[in-house]
Every structure is written in structure tokens, then in C-alpha cells.
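This report concerns only the one structure given below.
Because only heavy atoms are used, hydrogens play no part in the values below, and waters and symmetry mates are left out as well, while side chains stay in.
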Amino acid sequence: MDWVFLAELAINGALTGLLYSLFAIGLVLIYKASSVPNLAQGGLTMVGAYVVLALSHDAGLPLWRAVRSS
């Protein structure tokens, strides 16, 4: 197995896990603060992803710059 590919998979897995943990922390914080389960975070996550996609594709920004500016 190629070591570069293995490193890429490890970094991708770590970043995916961090994204899931941030999503879960947001759900828990909202539930503990208001005692109401708010499931709108998935929609807000998708809005953020679409904003980054639009900045990256339509404005011609590189992906790291689109993430940072959104």
C-alpha cells in the first residue's frame, strides 16, 4: 500500500470524525440549554456547504479560501 494514500486516508478520517463531533456537540448543547431537540443543524450544515461550493465554483476561489471566507 502506498504511504501517501494511507496518510491521506488517515487525515480524511480524522477530519470526518472532527466534523461529526462538532455536529454532535452542537446537538447536545442546544438540547441541554433548551430541553428541546433541534434537528435543524443538518440543514444549516448543508447551507454552509452550499455557500462554500458557490464561493469555490462561481467566485473562482480555491477551496481553502472559500471555507475561510464563509
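A side-chain donor-acceptor contact under 3.5 Å links Ser21 to the backbone of Leu18.
For Gln41, the CD atom is densely surrounded, since the number of other residues' heavy atoms within 6.0 Å is greater than 12.
Here the straight-line distance linking atom CG of Leu55 with atom OH of Tyr50 works out to 15.0 Å at 0.5 Å rounding. We find the CG-CG distance between Asn38 and Leu29 to be 12.0 Å, quoted to the nearest 0.5 Å. Annotation: the span from Ile25 atom CD1 to Tyr20 atom OH amounts to 15.0 Å, rounded to 0.5 Å.
When side chains are defined from C-beta on, Leu27 does not count as touching Tyr31, because their heavy atoms never get closer than 4.5 Å.
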